[in-house]
**Q** 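Take this structure, written in structure tokens, and hold onto it; I'll ask about it next.
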Amino acid sequence: MTVRLTLGIETSCDETAASVVTSENIVLSSVVSSQVDLHARYGGVVPEVASRAHVGLVNPVIAQALVEAGIEYKDIDLIAATKGPGLVGSLLVGVSAAKALSLVWDKPYIGVNHLEAHLYSCFLEEPDMELPLIVLLVSGGHTILVSMQDHMEYSILGQTLDDAVGEAYDKVARYLGLGYPGGPEIDRLAEKGDDSIEFPRPMIKEGFDFSFSGLKTAVINYVRKNPETPTEDIASSFQEAVVEVLITKARKAALETGAKGLCIGGGVAANSRLREAIYDICLEDGIHPFVPSRAYCTDNAAMVAATGWLRFKKDGPDPLNSGADSNLKLPSGE
Amino acid sequence: MIILGIESATSQVGCAIGGHEGVLASTHSSRGRRHAENLTPQIDFVREQARISLNEISVIAVDIGPGLYTGLRVGVATAISMAFGLGVPMIGISSLDLLAYPVRHCAKLIVPAIDARRGEIFHANYRQVPGGVQRISEPSVSTPDDVAADLLAHGNEALLVGDGAIRYSEIFANLRGVEAAEPSMAYPSAASIVQLAHAKALREEFVSPTELEPMYLRKPDAIEIEHQKKKIL
Ligand SMILES: [Zn+2]
């Protein structure tokens, strides 16, 4: 079988990324230009700042991805770009760039669901992973537990009813005065702290849905009443509560569905405590843990290219009159 | 020389192809703010109508604003990517220049005014010169009342063009010597881009795709807020 090459483009939030991936899921290049410094002073992503930055960055990043892959545009077989969910102004920059290149290079175009791409990020490093799988997708905007029966065949078991995990991390970090982005900072402090405070484990025994808003409030109330508590201990106790909820539900899902493996994906999957906990439970239960390297947990275009190719094989290309959808959902069940 | 002109800074989106022979084909649509969906198919359609293959294009010209940000960015991102993909240079032209150009035969002061939302317009002053128009004030964003007061203070006879002039026509209607152009002049035309870019191309006034920058005239909201906070402190 001839190897096909997909150019992936990702601009859904504050990373401008491009990547070349083969039809065998081998990553030839993955370039990510992060705007995190641009947004840090505002304590969060400013959509208009992000969109403006993408315009100047997207083509240089694509050029870099082609150079690093050692290929020319002629070698590309498919152009894939994230079409949603995300910030609409940012998404449109990547989609417009991809469609323009599709037109001038005469290559098919496909729009990719960013969440589906996160689900598939684990296959970039372990293309032959055995199915069925449970995937825990955790990021600043999403907390979704997915059961994947086969490729492109999956169903949502549960999701957050209020705040996403990453959102809870950012809000707690802001309250503790830790700056932005909050996740890595809490993770770093937690390592030095003691998880001595018993924060609630919301909905831990109830189904597969999540709720983190109450936990966030509990942390804020505790700090208000006990201002002397070391920040490290707050961070450690909060992180412990979050990870225990996530792990308990993921484990239950894996056991109930008879999954052969358990994967994590999304920005929060870069969290060191969560990564460690996944290995622990998988070892106990005899299932295969899959924890992608941090570069494939956070937003990247390699996962977009890989998913784009799978979708393209299944459904064919998207027409040039397709757009972006900032509220795109994960299709559940096929 | 074949020029592709792209225009998407207002609620209209369009493109045109032309060169030494003038404009060969053009198209516009203004329904439903579907810039991202419509633009690439429009380019393919115009190319076909002009019977030009994409690799015959030697220059990509684009409206760089000011205008509505999301639409503007669709045009600019598409234009930059096409120039990058084809390996050709670019020419950026302001939406205000594009509005002033079709009324260049008017001897009065020409004031293009684009609806900037939030009760403001993007505008600049132009006057007739042999063969075209010349901008005589910096592009700015102001309330229509401020623009009207300025026109009144200088006692100029003026012609206002653009969707901002139409939206706030009642503010300008009372001014002596000031008239607003008809609705057919509401939006910049892609044909004007090709015409203006052709003149610039002959003078080799090109920029590379990495140099082209949209003209926003407003800072992003959060920066604006921080700015105001500093002013208050
Ligand atoms: Zn993401």
Side-chain angles (χ1 to χ4, degrees), chain A residues 7 9 11 16 18 38-39 41-63 66 72-74 76 79 81 83 87-107 109 111 318-326, chain B residues 4 6 8 13 15 29 32-45 47 53-57 60 62 64-65 68-88 90 208-214 216 218-226 229:
Chain A
L7 168 67
I9 300 170
T11 63
T16 318
L38 272 183
H39 300 280
R41 48 195 283 236
Y42 308 112
V45 177
V46 183
E48 180 61 22
V49 171
S51 306
R52 288 185 186 187
H54 285 307
V55 173
L57 288 169
V58 67
N59 285 293
V61 164
I62 293 168
L66 295 182
E72 283 184 72
Y73 81 83
K74 292 186 183 74
I76 296 169
I79 300 177
K83 65 176 177 186
L87 303 167
V88 69
S90 292
L91 289 167
L92 284 175
V93 174
V95 165
S96 298
K99 292 201 298 172
L101 292 175
S102 158
L103 188 64
V104 298
W105 288 346
D106 194 20
K107 308 288 180 188
Y109 160 77
D318 279 334
L320 286 183
N321 67 2
S322 50
D325 180 355
S326 58
Chain B
L4 169 69
I6 292 173
S8 68
V13 57
C15 62
S29 65
R33 199 67 63 70
R34 290 172 59 82
H35 291 35
E37 291 84 350
N38 289 356
L39 182 56
T40 347
Q42 278 185 350
I43 294 169
D44 203 27
F45 172 75
R47 170 201 69 73
S53 84
L54 286 165
N55 45 33
E56 287 176 76
I57 294 171
I60 306 277
V62 63
I64 53 165
L68 300 176
Y69 297 158
T70 302
L72 170 63
R73 256 191 301 267
V74 164
V76 170
T78 302
I80 293 179
S81 301
M82 290 196 68
F84 162 71
L86 292 168
V88 300
M90 304 189 74
S208 76
T210 50
E211 288 166 334
L212 189 113
E213 282 208 33
Y216 291 110
R218 275 193 195 124
K219 292 202 164 71
D221 280 343
I223 298 181
E224 204 66 50
I225 292 162
E226 196 172 76
K229 261 196 239 156

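Since we're looking at a predicted model, the values are computed, not measured. Letters A, B, ... are given to chains in the order of the sequence lines, protein chains preceding strands, and every chain is numbered from 1.
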**Q** State, yes or no, whether a side-chain contact exists between Glu37(B) and Ser322(A) at a heavy-atom distance under 4.5 Å.
**A** no
**Q** So how far is it from Leu72(B) CG to Ser51(A) OG, rounded to the nearest 0.5 Å?
**A** 11.5 Å
**Q** Holding to salt bridge (Lys or Arg N to Asp or Glu O under 4.0 Å), I want the full list of residues that pass it with Asp325(A), two or more places apart in sequence or in another chain.
**A** none
**Q** Does Asn59(A) have any side-chain hydrogen bond (donor to acceptor under 3.5 Å, both in side chains) partners at least two apart in sequence or in another chain, and if so, which?
**A** Ser81(B)
**Q** Under 4.5 Å from any heavy atom of chain B, what part of Ala63(A) do you find: side chain, backbone, both or neither?
**A** both
**Q** Can you list the steps and then say if Leu101(A) with Phe84(B) is a side chain to side chain contact (heavy atoms under 4.5 Å, CB included)?
**A** CA-CA 8 Å; Leu101(A) 292 175; Phe84(B) 162 71; 4.0 Å; yes
**Q** Mind checking the CG-CZ spacing from Leu103(A) to Arg47(B)? Nearest 0.5 Å is all I need.
**A** 7.0 Å
**Q** Please say whether more than 12 non-hydrogen atoms of neighbouring residues, nucleotides or ligands are located less than 6.0 Å from CD in Glu213(B).
**A** no
**Q** Starting at CH2 of Trp105(A), measure out to CG of Asn55(B) and round the result to the nearest 0.5 Å.
**A** 14.0 Å
**Q** Top residue by heavy-atom pair count (under 4.5 Å) with chain B, among Lys99(A), Glu48(A), Arg52(A)?
**A** Arg52(A)
**Q** Could you tell me which non-hydrogen atom of Val104(A) sits nearest to which non-hydrogen atom of Gly85(B), and how far apart they are?
**A** CG2-CA, 4.0 Å
**Q** Hey, what do you get for CG (Leu92(A)) to OG1 (Thr70(B)), rounding to the nearest 0.5 Å?
**A** 7.0 Å
